[in-house]
Amino acid sequence: MNLQWVQQNDSSQEKIEEYAHELNVPAIISRILLNRGIDSYEKAKLFFKGTMEDTNDPFLLGDMEKAVERITTAIDQREKILIYGDYDVDGITSVSMLYLLLNELEANVSFYIPHRVDEGYGITKSGIDEAANNGVELIISVDCGITATEEVEYARQFNIDVIITDHHEQGPVLPDAYAILNPKCKDSNYPFKELAGVGVAYKLGQALISYLKIDKSLIEKYIDFVAIGSTADIVPLVDENRIFIKEGLKVLNSTEEPGFKALLKVSGMADKSIGTGQIVFVLAPRINAVGRMGNAERAVQLLTTQDPKLSWEIANILENENRIRKTIDEETSKDAREIVDLNYDLSTNYGLVLAKEGWHSGVIGIVASRVVEKYYRPTVMISIDNNIGKGSARSIAGFDIYNAIKQCEDLLLAFGGHKYAAGLTIEKSNIEQFRQRFNEIAKEQLTEDLLHPKLRIDGEIRLVEINARLVQLLKMFAPFGPQNMRPVFQSSNLQVVGTPSIVGKNHLKFKVRQDGIIFDAIGFNLGELIYRIEPGANNLDMAYVIEENTYMGRTTLQLRVKDLR
């Protein structure tokens, strides 16, 4: 896929140099900050040195006071409280964190996560039936519930109060719940709209601790749950999310909790530094695997137990489930590619809807992301079972897939989600009509420009500018994620030294020289670009990120290639 290189340059050279002088940083750092909207000393200080003290008052979330008063009453009167969560990492960490916190507050608390295949997403009537049978009087939803109008009404028939904590878009009518905590609600005045589900649950924990006048350390020790859930849910890594993840990574990197330690050990990450990349590519898939393949409650068990032996047993189950998930994932990805290659003309199909009997509903979200990555089209993957399709949707930059699906809601049984990721349920008989309408909506909204993937470059530098101080300043930009990606640089007219090679699984490895400075370069999964390299010539333009590479106890700088031309 050919990437269009776009150099971000939102400020004049004069402004860049003035700001660099004010902050006492190189001009390239000033430019990166300005391009990210960090355009004052105060904003830069908050970006680099923000702490938990800089986060928002949890009582700014509507209904927060009602929620904590109701939970306090339930604790005092020994009412049965049920935490009801989603089966992804965001939901699992939300459930685990609130369960541990309420246990410490001596609440009579249990948890419930619906089975992905048997029950599907969100609050279900079967889950409420189980709660009623167990004498539950208060349900607290996490990472779900904002569209559960019928289910909340059903719970009321059993005299069960429902407190909803969620971060998904609301439907046309809000559930008649006891309290609703969701920064994305249309009437919400909460200053930051992009919290993950676990972030909203954490705000509830903060408010509860404050209301009960208990030391805030009781809730702050759970900030690692927020880091994992927020990172895995791919929320924008700005504002409160950035602070939560930054602080949470500190706790996670020194954790003594049996569950996290077992998970790190089984995934080969024990004694290694954990950042957002390790969460997304190593920890999250393992936590997700049990929810995708079966019962997510085992993951909650892992994250809440104090028993090292049980932790190790469950961590190994997660590892095995993840291996099974990978195999199914690869088979489904192959199916999806064949369907696109045989049936879709990408010049007329701007939105892809792929459906098949027997696809595992637990992996279609991952595969949808892979299809988007390969073909760069908004994609809906639908698994059909007994004439009902369960779908996962993923989008591209500039296309709101939630709104596109909303325009098809007359064809759907249910739907929900975000701008770039959504889920839906549909009758098999409506899939073809949905496919046509979804493609029409995509055609109307997507321009030729939007259909070409862009590589955003923070600035052009010469290799001689890459020094210890620059590397140290770049480290301060971490943690990295959406809206705060690792800075990408361009260097032009580089000379390739020696002979490039392909190593491992299609990784491109070579050396580049400029002004007498030589650096190692590696392009993961970019072996097919070897034809763009002419050894000895001074004609290579390279887009890359600067990283430290530790091998056999020795740390060196390397340039990780994003693209070549």
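Reckoned from all heavy atoms, side chains included, excluding hydrogens, waters and symmetry mates.
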Salt-bridged, [X] to [Y], with N to O below 4.0 Å?
{"X": "Arg298", "Y": "Glu321", "result": "yes"}
{"X": "Glu106", "Y": "Arg78", "result": "no"}
{"X": "Asp271", "Y": "Lys265", "result": "no"}
{"X": "Glu79", "Y": "Arg70", "result": "yes"}

Residue pairs involving residues 134-153 (criterion side chain to side chain donor-acceptor pair (under 3.5 Å); sequence neighbours excluded)
Asp143-His167
Does anything in residues 195-211 pair up under side chain to side chain donor-acceptor pair (under 3.5 Å), and if so which pairs, sequence neighbours excluded?
Tyr190-Lys203, Lys203-Gln206, Lys203-Glu240
Check salt bridge (charged side-chain N to carboxylate O under 4.0 Å, His left out) between [X] and all other residues, then give those that pass, not counting sequence neighbours.
{"X": "Lys184", "value": "Glu194"}
{"X": "Lys186", "value": "none"}
{"X": "Arg370", "value": "Asp329"}

Do side-chain atoms of Thr276 reach the backbone of Phe480 as a donor and acceptor pair under 3.5 angstrom?
yes
Would you say the side chain of His168 lies within less than 4.5 Å of the side chain of Tyr402, judging by non-hydrogen atoms?
no
Thr327 side, atom OG1; Asn322 side, atom CG - distance, nearest 0.5 Å:
9.5 Å
Taking the six-membered ring for Trp and the single ring otherwise, decide whether the centroids of Phe260 and Phe225 are under 6.0 Å apart.
yes
Residue pairs fulfilling ring-ring contact (aromatic ring centres under 6.0 Å, His included) with at least one residue in residues 131-164, sequence neighbours excluded
Tyr154-Phe158
For the residue pair Tyr112 and Tyr84, does the interplanar ring angle fall in the parallel (under 30°), tilted (30 to 60°) or perpendicular (over 60°) class?
tilted
